[in-house]
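Atoms within each ligand, like the ligands themselves, are counted from 1 in listed order.
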Amino acid sequence: MSLAPLESPKRAEIGMSPRGISPGMRAVVRHSLFWLVVGNSIGVLLATLLLVPGVNLWLGEWTYGRWIMVHMNLLLYGWCSLPMVGFLFCVYGVDRGAAAGWARPVVWAWSVALGLGSFSWLSGHSSGKLLLDWSGIARIYFPLAMTALWVLLAVAMIRSWKMRELHGWGARAGRVAGLVLLAAVPPLIFIASSPGIHPAFDPDTGGPTGASQLESSLVVVAILLALPYGLTRQKQPRRWTVIASWVVLLAEFALCAALGRTDVSHHRPAQFLSLGSLLVWLPLTPVYYAAFEWHAATRRWRNAFLCWWGLLVVSGWVLFLPGVLDRFKFTDGLVGHSLTAEAGFVTALLIFTMIQLLGDDGWIFNGSRAFYAWNFGVLAYVALMTIAGWIEGADPTFTIVPGLARESIYLLRLFTGVAMLTASVHWLRDARHLGREAQSRPAFLITSAPVLEKTA
Ligand code: HEM
């Protein structure tokens with residue numbers, strides 16, 4: 001594959017800011033990496049607590065049970081969400097006009113909500129719902145911070161409309177539809193955090209049904225298919241792979257609607273076979289992404305995200321099969337699966353997205369040592385938890401009663417966590433240099449001229 005220099009007008013054409021990184025985007029990268037480092041540090045603390053439970057005694061009331069909520073929530077609402085705020089800034093043109101000055105305060109409001117949330121979780125407040133753990137004042141403040149973001153996006157869209165920067169009805173309709181959908185998110189977060197509302201469940205495990213797993217996975221696929229339109233352009237319009245992918249997605253949503261939303265066991269063939277329909281995305285996703293133009297600096301993380309996606313889809317389906325799920329449910333095996341999803345797939349996708357948005361400034365994520373430390377760290381973590389989960393499935397005392405095998409696995413997990421933490425500290429440290437001219441960066445950080453992968 002040959003590479004072509006990326007001229008300034010070309011940056012604008014594929015969705016990047018022609019003037020380099022905006023203050024809002026810089027804030028997004030720094031805040032999201034900050035929360036990644038905080039979340040990972042807490043992860044290392046948790047891994048230590050599971051290895052040496054006596055350390056809990058030194059922590060007063062702030063023991064394992066409170067830190068685990070902070071760990072999961074900060075990584076989901078800080079690290080996994082803020083880069084998407086950067087994506088929305090780019091799509092709605094928040095880096096231009098009067099709106100640009102409000103981007104940083106909005107990012108700060110989001111981070112303050114996470115700070116408030118952390119304080120409330122550490123103080124023992126909880127909605128009791130995993131990943132929808134907003135209660136008390138934080139349950140009001142976080143949706144308000146999201147609403148502030150929504151207002152900023154709406155103002156920026158109206159401005160670019162007036163300035164005739166939005167061309168074509170498709171671009172306008174897409175952004176209006178996006179705003180309508182996004183308007184529902186703050187009230188939904190508020191309502192869904194209520195302890196009184198529950199989705200359908202599998203009576204054999206107490207976990208989600210195959211239909212609800214399929215539904216949430218299809219929302220992820222829809223995001224994957226929509227993402228390139230905000231980041232770049234298609235190599236050739238009307239490529240059949242692109243059209244076919246959208247048709248398959250619609251067909252799968254129809255299948256999901258036909259399955260209904262009742263409580264039902266994973267032993268029903270209709271449940272695990274329909275979830276297996278996700279396997280079609282193994283070949284389709286790479287082919288779909290190959291139909292778009294990408295900045296050359298994204299290649300490493302784009303490949304990583306596609307590999308993690310493949311592993312997630314296959315392992316997620318296998319884990320749901322009768323016999324396998326019965327052994328793995330509520331064991332360390334599912335901790336490993338959560339890490340495949342968030343630390344593997346979502347993290348690689350977010351970094352790939354940020355590199356595309358940052359363009360020339362995406363160099364901060366391309367250091368080899370941090371790349372391998374992160375990806376192999378997560379992979380080793382997942383492998384260790386799968387082994388621990390498989391043993392735990394047959395012997396539930398395995399992860400509780402001290403023993404050589406348990407301590408060895410948990411010690412190795414601690415090492416993988418330190419590797420991941422080290423990688424994230426590197427990225428946060430390098431993010432201080434974001435937007436600086438190449439000459440003023442430390443020599444080891446200077447990369448070659450910006451390049452775009454050329455169409456064959
Ligand atoms: C992007 C980075 C990370 C994400 C998104 C993440 C996410 C999660 C999630 C969702 C859980 C709950 C799993 C479940 O109960 O099913 C979890 C638990 C946990 N994580 Fe992380 N994590 C990350 C990084 C780390 C790191 C670096 C460590 C350090 C070793 C770590 C250690 C732990 C531990 C010890 C648990 C508790 C496991 C248990 O209760 O048995 N995590 N993490």
Side-chain angles (χ1 to χ4, degrees), residues 32-53 55-56 63-83 114 121 129-133 205-208 213 216 301 304-305 308 312 315-316 319 325 328-351 354 365 370 373-389 391-393 396 398-400 406-407 409-428:
S32 52
L33 285 173
F34 170 76
W35 291 117
L36 178 65
V37 169
V38 174
N40 285 338
S41 309
I42 299 172
V44 169
L45 170 71
L46 294 171
T48 310
L49 290 175
L50 287 173
L51 194 61
V52 193
V55 176
N56 274 291
T63 52
Y64 178 89
R66 296 197 182 174
W67 283 112
I68 183 76
M69 306 316 284
V70 187
H71 174 66
M72 286 192 288
N73 295 333
L74 289 185
L75 286 164
L76 179 67
Y77 291 102
W79 167 240
C80 294
S81 304
L82 275 169
L114 294 180
W121 301 312
K129 290 177 113 174
L130 275 191
L131 305 178
L132 275 171
D133 197 12
T205 63
Q213 300 271 30
S216 48
W301 281 100
F305 122 66
W308 281 114
L312 181 66
S315 63
L319 275 177
L325 186 62
F328 265 114
K329 194 70 193 176
F330 300 124
T331 67
D332 272 353
L334 287 199
V335 175
H337 181 61
S338 300
L339 261 282
T340 310
E342 292 186 32
F345 162 64
V346 175
T347 295
L349 177 67
L350 293 176
I351 294 183
M354 284 200 281
F365 292 110
W374 182 269
N375 287 292
F376 284 112
V378 179
L379 199 60
Y381 185 132
V382 172
L384 288 166
M385 290 301 101
T386 309
I387 296 168
I391 304 174
E392 190 187 356
F398 176 72
T399 52
I400 303 167
R406 177 204 185 266
E407 312 300 306
I409 290 178
Y410 278 20
L411 181 63
L412 288 174
R413 186 250 297 270
L414 179 60
F415 291 152
T416 64
V418 172
M420 291 160 68
L421 174 62
T422 310
S424 58
V425 169
H426 269 271
W427 296 326
L428 180 62

[X] heavy atoms, cut-off 4.0 Å: which ligand 1 atoms fall inside?
X	answer
Arg413	30 (C), 34 (C), 35 (C)
Leu36	1 (C)
Trp374	1 (C), 2 (C)
Ala47	30 (C), 35 (C)
Val44	29 (C)

Can you tell me if [X] has a non-hydrogen atom under 4.0 Å from ligand 1?
X	value
Trp67	no
Asp332	yes
Val418	no
Leu414	no

Let's test this: below 2.8 Å, count the protein N/O/S atoms around atom 21 (Fe) of ligand 1.
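The number of such protein atoms is 1.
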Are any of the side-chain heavy atoms of [X] and [Y] separated by less than 4.5 Å?
X	Y	value
Leu384	Tyr381	no
Arg413	Leu50	yes
Phe305	Ile351	no
Val346	Trp308	no
Val44	Leu414	yes
Phe365	Leu350	no
Leu312	His337	yes

Could you measure the distance from the [atom1] atom of [X] to the [atom2] atom of [Y]? Nearest 0.5 Å is fine.
X	Y	atom1	atom2	answer
Glu392	Ile387	CD	CD1	13.5 Å
Leu428	Phe34	CG	CZ	8.0 Å
Leu36	Met420	CG	CE	8.0 Å

Could you tell me whether some N/O pair between Asn40 and ligand 1 is separated by less than 3.5 angstrom?
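There is no such contact.
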Any N or O on Tyr64 sitting closer than 3.5 Å to an N or O of ligand 1?
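Yes: some nitrogen or oxygen of Tyr64 is under 3.5 Å from one in ligand 1.
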Any idea which part of Thr416 is under 4.0 Å from ligand 1, heavy-atom wise: side chain, backbone, both or neither?
neither
Relative to each other, are the rings of Trp427 and Trp374 parallel, tilted or perpendicular (30° and 60° limits)?
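Ring orientation of Trp427 relative to Trp374: tilted.
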Which protein non-hydrogen atom lies closest to atom 18 (C) of ligand 1, naming both residue and atom, and how far is it?
Ile68 CD1, 3.8 Å
Taking the minimum heavy-atom distance to atom 32 (C) of ligand 1, which of Trp79, Phe330, Trp35, Tyr381 ranks first?
Tyr381
Using a cut-off of 6.0 Å, state whether more than 12 heavy atoms not belonging to Phe376 lie near its atom CZ.
no
Asp133 side chain to Tyr77 side chain, donor-acceptor N/O pair below 3.5 angstrom
no
